[in-house]
Amino acid sequence: MRHWLTAALATLVGIASPALAQTAGKPLTVVLIPADGGTESGTIADYQPVFNAVSRSTGIKFDLKVAQSYGAVVEAMCGGRADVAFMGPVTYLQAQKRGCAKLLAVGVENGQSVYYAGFFARKDAPFKSVKDLRGKRVAFGDVNSASSFVFPMAMVIEAGLDPVRDLGEIRMAGSHVNSLAALVQGRVDAAALSFDSYEKAVRQGAVDPKKFRVIAKSSPIPYPPIAVNSRLAPKLQAKLRAAFADIAHAPGMTPEMIRGYGGKRIDGYDVKFPAAKFNVAASRMALVNDDLKSRILTKSASR
């Protein structure tokens, strides 16, 4: 069963064979989480300039792919079909716990490597806090997403609510953009997603910010990292790390080309980011354990 599931997930990611050789100029396979529910070509376009710059600096070639889910990225890394991955904090911790991922680089914006999750509602919604979501219809993203599921669910729990018993309806939308779309279309009363994804929707004209407001904002979340497969040769890992550290000064690179989560402009990448800072995500994962996830998914499926 395990081998069947792994093979199926590999197919979803679009990776058919092991990717760890890097011999005779074979490109390293890079797998990106579908961070904001955007198109595959759009997600690749956000990161291609960065990896092109690394390629020019190191001579290493890359083949970028977008996974169909957060979990598929973990399986690609742990199954040896991905050499490098852009992951969410939760999926990084899942892969790191299984021994197949090591921290490579974390995006930096204005000297910080954090982002935020939030609950959003229509401007005229009669509730003002997470506690007021009792009995309401709420949309969430991917079950393995830190900012559209794990942190928002932890916020619900910390507000004294049982997500299964107290929320009126749970809609698992699968992505940030789908969660927001459910709110825009009036199918839910509130939506959980990252502020970066919300702001991107505003920039693209998909959402009128005058019609919506923030119900709650999470504590800082460690920025979604770029991880390297732990089985990759140490010299190759070091070469990649050095290139990401100097990405802002790479040949042909301009500030506008340095992108991070959701395609947002960032200043560069920190290759010395302490892995221990992801412990805050681990604490939220402990609150939203597998038993609770199962009950949440059951409730979502029953609507």
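The first residue in the sequence is number 1, and the count goes up from there. Everything quoted here is computed from the prediction, not taken from an experiment.
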* **side-chain contact (heavy atoms from CB on, under 4.5 Å) assessment of Glu75 paired with Arg98** => CA-CA 10 Å; Glu75 293 305 325; Arg98 290 171 60 178; 2.9 Å; yes
* Ile157/Leu292 under side-chain contact (heavy atoms from CB on, under 4.5 Å): CA gap, chis, key distance, verdict -> CA-CA 11 Å; Ile157 294 168; Leu292 178 57; 3.6 Å; yes
* To do: Please report the C-alpha distance between Ser69 and Asp142 in whole Å, then the side-chain angles of each, then the deciding distance to 0.1 Å, and finally whether the side-chain contact (heavy atoms from CB on, under 4.5 Å) criterion is met.
  => CA-CA 7 Å; Ser69 71; Asp142 189 296; 3.9 Å; yes
* Show your reasoning for whether side-chain contact (heavy atoms from CB on, under 4.5 Å) applies to Ile258 and Met253. => CA-CA 8 Å; Ile258 307 175; Met253 201 64 173; 3.7 Å; yes
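In this structure, OH in Tyr70 is found 12.5 Å from CZ in Phe149, a value given to the nearest 0.5 Å. Note that the CG atom of Leu93 and the CZ atom of Phe278 stand 7.0 Å from one another [nearest 0.5 Å]. Considering CG of Asp270 and CD1 of Ile226, their distance stands at 12.0 Å, rounded to 0.5 Å. The structure places OG of Ser55 at 9.0 Å from CD of Gln48, a figure rounded to the nearest 0.5 Å. The CG atom of Leu104 sits 11.5 Å away from atom CG of Asp83, with the distance rounded to the nearest 0.5 Å. A distance of 8.5 Å separates OH of Tyr115 from OG of Ser197, quoted to the nearest 0.5 Å.
Note on Tyr92 and Val90: same hydrophobic cluster, where clusters join Ile, Leu, Val, Met, Phe, Trp and Tyr whose side-chain heavy atoms are under 4.5 Å apart, directly or indirectly. Linking ILVMFWY residues whenever their side-chain heavy atoms come closer than 4.5 Å, directly or via other members, places Val30 and Met257 in the same cluster. Ile266 and Tyr198 fall into different hydrophobic clusters, defined by Ile, Leu, Val, Met, Phe, Trp and Tyr side-chain heavy atoms under 4.5 Å apart, directly or through other members. Under a hydrophobic clustering in which Ile, Leu, Val, Met, Phe, Trp and Tyr are joined whenever their side-chain heavy atoms come within less than 4.5 Å, directly or via other members, Val214 and Leu183 fall into the same cluster. Residue Phe120 is grouped with residue Val188 when hydrophobic side chains (ILVMFWY) are merged at heavy-atom distances under 4.5 angstrom, including chains of intermediate members.
Residues satisfying the side-chain hydrogen bond (donor to acceptor under 3.5 Å, both in side chains) test with Gln237, not counting sequence neighbours, are Lys102. Partners of Arg265 under the side-chain hydrogen bond (donor to acceptor under 3.5 Å, both in side chains) rule, at least two apart in sequence or in another chain, do not exist in this structure.
A distance-only check finds a donor-acceptor pair linking the side chain of Ser179 to the backbone of Ala192 [under 3.5 Å]. Under the 3.5 Å distance criterion, the side-chain polar atoms of Arg56 are matched with a main-chain donor or acceptor of Pro251. The closest donor-acceptor contact from the side chain of Ser194 to the backbone of Ala117 lies at 3.5 Å or more, if one exists at all. Side-chain atoms of Arg81 do not come within 3.5 Å of backbone N or O of Cys78 as any donor-acceptor pair.
A ring-centre distance under 6.0 Å is not found for Phe195 and Tyr261.
Of the listed residues (Leu167, Ile170, Ile215), just one forms a side chain to side chain contact (heavy atoms under 4.5 Å, CB included) with Val138, and that residue is Leu167.
The list of side-chain hydrogen bond (donor to acceptor under 3.5 Å, both in side chains) pairs with a residue in residues 129-138, not counting sequence neighbours, reads Ser129-Asp132, Arg134-Asp166, Arg137-Asp189. The disulfide bond (SG atoms under 2.5 Å apart) pairs that include a residue from residues 266-303 number zero, where partners must be two or more places apart or lie in different chains. Sorted by first then second residue, the ring-ring contact (aromatic ring centres under 6.0 Å, His included) pairs that include residues 227-251, not counting sequence neighbours, are Phe51-Phe244, Phe244-Tyr269. Screening residues 210-219 for salt bridge (Lys or Arg N to Asp or Glu O under 4.0 Å), with sequence neighbours left out, gives no hits.
For Arg187 and Glu169, the salt-bridge test fails: no basic side-chain N is under 4.0 Å from an acidic carboxylate O.
Residues Val74 and Met87 share a closest heavy-atom pair of CG2-CE, 4.2 Å.
Heavy atoms from other residues, nucleotides or ligands lying under 6.0 Å from NZ of Lys277 number 12 at most.
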